[in-house]
Colleague: 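To start, I am sharing the structure in question, which I have written as structure tokens.
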Protein chains: 2
Amino acid sequence: MISPIQVRDMSPRHLRNSCTNCSLRELCLPLGLSQEEMQELDTIITQARPIKRGEALYRAGEPFRSLYAIRLGFFKASVISEDGREQVTGFHMSGELMGMDAISTDVHTCDAIALEDSEVCELPFNDIEDLSREIPLLQRHFHKVMSREIVRDHGVMLLLGNMKAEERLAAFLLNLSQRFAIRGYSSSSFHLRMTREEIGSYLGLKLETVSRTLSKFQDQGFIKVQNRLIELENIDSLKKLLNTCHDE
Amino acid sequence: MISPIQVRDMSPRHLRNSCTNCSLRELCLPLGLSQEEMQELDTIITQARPIKRGEALYRAGEPFRSLYAIRLGFFKASVISEDGREQVTGFHMSGELMGMDAISTDVHTCDAIALEDSEVCELPFNDIEDLSREIPLLQRHFHKVMSREIVRDHGVMLLLGNMKAEERLAAFLLNLSQRFAIRGYSSSSFHLRMTREEIGSYLGLKLETVSRTLSKFQDQGFIKVQNRLIELENIDSLKKLLNTCHDE
DNA sequence: CGGCAAGTTGAGGGCCATCAAGTCTGGTGG
DNA sequence: CCACCAGACTTGATGGCCCTCAACTTGCCG
């Protein structure tokens with residue numbers, strides 16, 4: 001276990017200022033530091049960049065300098081194919097890191113759009129690399145975060161390649177539910193930040209299919225839908241959809 | 001530019017033995033070292049692990065220790081859903097790195113199966129992290145490789161979420177063609193290492209659809225199919241399929 | 001040569017896209 | 001405050017793409 005003091009002492013001098021230090025908190029958050037240690041880290045943090053609903057955090061084609069830790073809010077990430085089709089590659093919420101796709105070419109390959117008023121912490125990538133050379137625990141953590149993104153993408157590929165519309169939507173709702181729960185929000189009642197079309201783009205469905213399937217779930221008593229407010233009324237049924245919907 | 005001598009001197013003592021040093025070559029290969037430097041690196045390399053066709057390099061659930069650089073051969077990576085459905089997440093050939101999904105949980109999440117007799121170089125992950133703390137160029141390269149995997153996955157998501165069967169197959173063939181070309185093989189004539197079913201799993205199609213679509217391409221004069229031997233006869237037509245197949 | 005996996009091809013049906021019409025909602029301005 | 005409008009959403013009808021099932025052929029290996 002590293003103490004925050006140690007962290008500060010280990011970091012290069014030019015990293016001791018303002019926002020860069022957010023990186024310490026954001027990236028060390030899941031490292032299991034004690035509450036006191038986290039509070040000490042907090043004292044170093046100064047500012048976060050606000051992003052209004054609808055604004056882009058970055059866009060495909062822009063040069064890459066920083067990763068972004070979401071402090072608050074909700075984003076979608078999407079790629080646009082040469083011929084103009086949008087594929088939402090992910091929805092991201094507080095505590096998650098965005099922009100890792102850009103490392104490969106030093107150019108962002110996705111758009112990142114805020115779906116509600118949000119706050120992010122900019123983490124200059126050079127600083128991350130410098131720091132993670134000095135703090136093995138941070139290095140390890142960063143690698144795990146990138147790896148987790150790969151695993152997540154594989155899950156989406158499984159969903160897109162194998163599942164039917166009902167299963168996709170059930171998986172989507174359960175995934176959201178779980179992520180809200182982790183953050184201390186209700187796991188059974190939440191507000192969708194995205195349109196049906198964005199859900200559809202993510203799940204490889206058309207917006208009409210998303211809408212129809214939600215209605216179907218509601219008719220079956222699995223969920224209650226009021227516009228973007230979703231209430232899960234029978235989570236087990238949704239889970240069963242995922243496990244039993246096929247032959248073999 | 002770092003010299004291999006320098007590399008050796010910088011590396012911790014326990015890394016100076018046999019196979020670990022493969023990592024230097026495999027990972028430094030794209031770093032733009034001079035030919036002399038690469039040859040020096042080669043002298044350090046001793047062994048590579050052979051994997052026979054059909055054998056697993058690793059399987060989901062196994063503990064994670066190492067990444068693997070493919071020296072020779074061809075692999076598929078696939079995830080199995082809880083209910084037994086297989087999704088091929090990628091096909092990998094010489095020079096590529098496998099296993100990065102496992103970093104997140106220290107457990108492999110994919111199966112990696114050799115589709116032809118292959119050779120891999122085992123890269124203990126601890127060594128990679130140790131080394132990349134000492135060699136910023138290596139650190140950067142490793143991050144780029146992981147990031148590239150994420151970008152690739154996003155491309156597959158776009159394919160699975162937006163494209164029709166013909167487009168998927170055209171994209172698949174063109175991608176293979178390009179990757180063979182990079183490795184010095186013919187870009188217009190190559191041998192598929194995987195079954196129609198594996199192609200289908202990767203592309204989110206059934207094997208019959210893959211077969212039918214290949215036949216269709218052949219009828220149209222785009223390609224020639226003889227079992228697993230593919231000859232691209234009209235690459236432009238295939239590319240056009242990707243760019244013009246939709247309305248907006 | 002026999003046996004089996006891999007691949008091809010056809011027929012039919014189901015799931016979801018597409019097109020279309022209408023409703024609802026939230027924001028804006030009079 | 002309310003009318004209004006554009007975008008978001010719902011629901012229905014229809015059709016097409018691809019899955020499914022089935023039969024057959026081909027290639028491969030002992």
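In what follows, chains are A, B, ... by sequence order, proteins preceding strands, each numbered from 1. As the structure is a prediction and not an experimental result, all values here were calculated from the model.
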Colleague: Do you know which two heavy atoms are closest between B:L232 and B:I230, and how far apart they sit?
Modeller: CD2-CG2, 3.8 Å
Colleague: Do B:F75 and B:F91 have ring centres separated by under 6.0 Å?
Modeller: no
Colleague: Tell me: CD of A:E197 to P of C:dT18, nearest whole Å?
Modeller: 12 Å
Colleague: So, A:H108 versus A:Y58, ring centres under 6.0 angstrom or not?
Modeller: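 Yes: the rings meet the under 6.0 Å criterion.
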Colleague: If you only use heavy atoms from C-beta on, which nucleotide in D:dC18, C:dA6, C:dT8 is closest to the side chain of B:L207?
Modeller: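 Comparing D:dC18, C:dA6, C:dT8 against the side chain of B:L207, the answer is C:dT8.
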Colleague: Take atom NZ of B:K206 and atom P of C:dA6, then tell me their distance rounded to the nearest Å.
Modeller: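 It works out to 15 Å between those atoms.
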Colleague: In terms of the nearest nucleotide of DNA chain C, which residue is placed more toward the 5' end: A:E208 or A:M163?
Modeller: A:M163
Colleague: Pick the nucleotide of DNA chain D nearest each of A:V210 and B:R212; which residue has the one closer to the 5' end?
Modeller: A:V210
Colleague: Give the nucleotide from the list D:dT10, D:dA8, C:dA17 with an atom nearest to the side chain of A:T209.
Modeller: C:dA17
Colleague: Is there, by distance only and without an angle test, a donor paired with an acceptor across the side chain of B:R228 and the base of C:dG7 below 3.5 Å?
Modeller: no
Colleague: Roughly how many Å is it from CG in A:N162 to C1' in C:dC16, rounded to a whole number?
Modeller: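 In whole Å, C:dC16 C1' and A:N162 CG are 17 Å from each other.
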Colleague: Which of the following nucleotides, C:dA6, D:dC19, D:dT11, is nearest to the side chain of B:T195?
Modeller: C:dA6
Colleague: Do you know which two heavy atoms are closest between A:E167 and A:L242, and how far apart they sit?
Modeller: O-CD2, 3.4 Å
Colleague: To the nearest Å, how far apart are A:L160 CG and D:dC18 P?
Modeller: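 In whole Å, D:dC18 P lies 15 Å from A:L160 CG.
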Colleague: Would you classify B:G204 as touching base, sugar-phosphate or nothing, given that sugar-phosphate means primed atoms plus P, OP1 and OP2, and contacts are heavy atoms under 4.0 Å?
Modeller: sugar-phosphate
Colleague: Starting at atom CD of A:E166, determine the distance to atom P of C:dG14, rounded to an integer number of angstrom.
Modeller: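 In whole Å, C:dG14 P lies 15 Å from A:E166 CD.
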Colleague: Roughly, in whole Å, what's the span from CD in A:Q218 to C1' in D:dT10?
Modeller: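 Whole-Å distance recorded here is 11 Å.
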Colleague: Could you state the CD-P distance from B:E167 to D:dC17, rounded to the nearest angstrom?
Modeller: 12 Å
Colleague: Considering all heavy atoms of both residues, which atom of B:S118 and which atom of B:F74 are nearest to each other, and what is their separation?
Modeller: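 Closest heavy-atom pair between B:S118 and B:F74: OG-N, 3.2 Å.
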Colleague: Could you state the atom-to-atom distance from CG of B:N227 to P of D:dC28 in whole Å?
Modeller: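 In whole Å, D:dC28 P and B:N227 CG are 6 Å from each other.
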Colleague: Among the nucleotides C:dT8, D:dC18, D:dC9, which one has an atom lying closest to any side-chain atom of B:K164?
Modeller: D:dC18
Colleague: Looking at A:S211, I'd like to know whether one of its side-chain N or O atoms comes within less than 4.0 Å of OP1 or OP2 on D:dT11.
Modeller: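 No, A:S211 has no side-chain N/O under 4.0 Å of OP1/OP2 on D:dT11.
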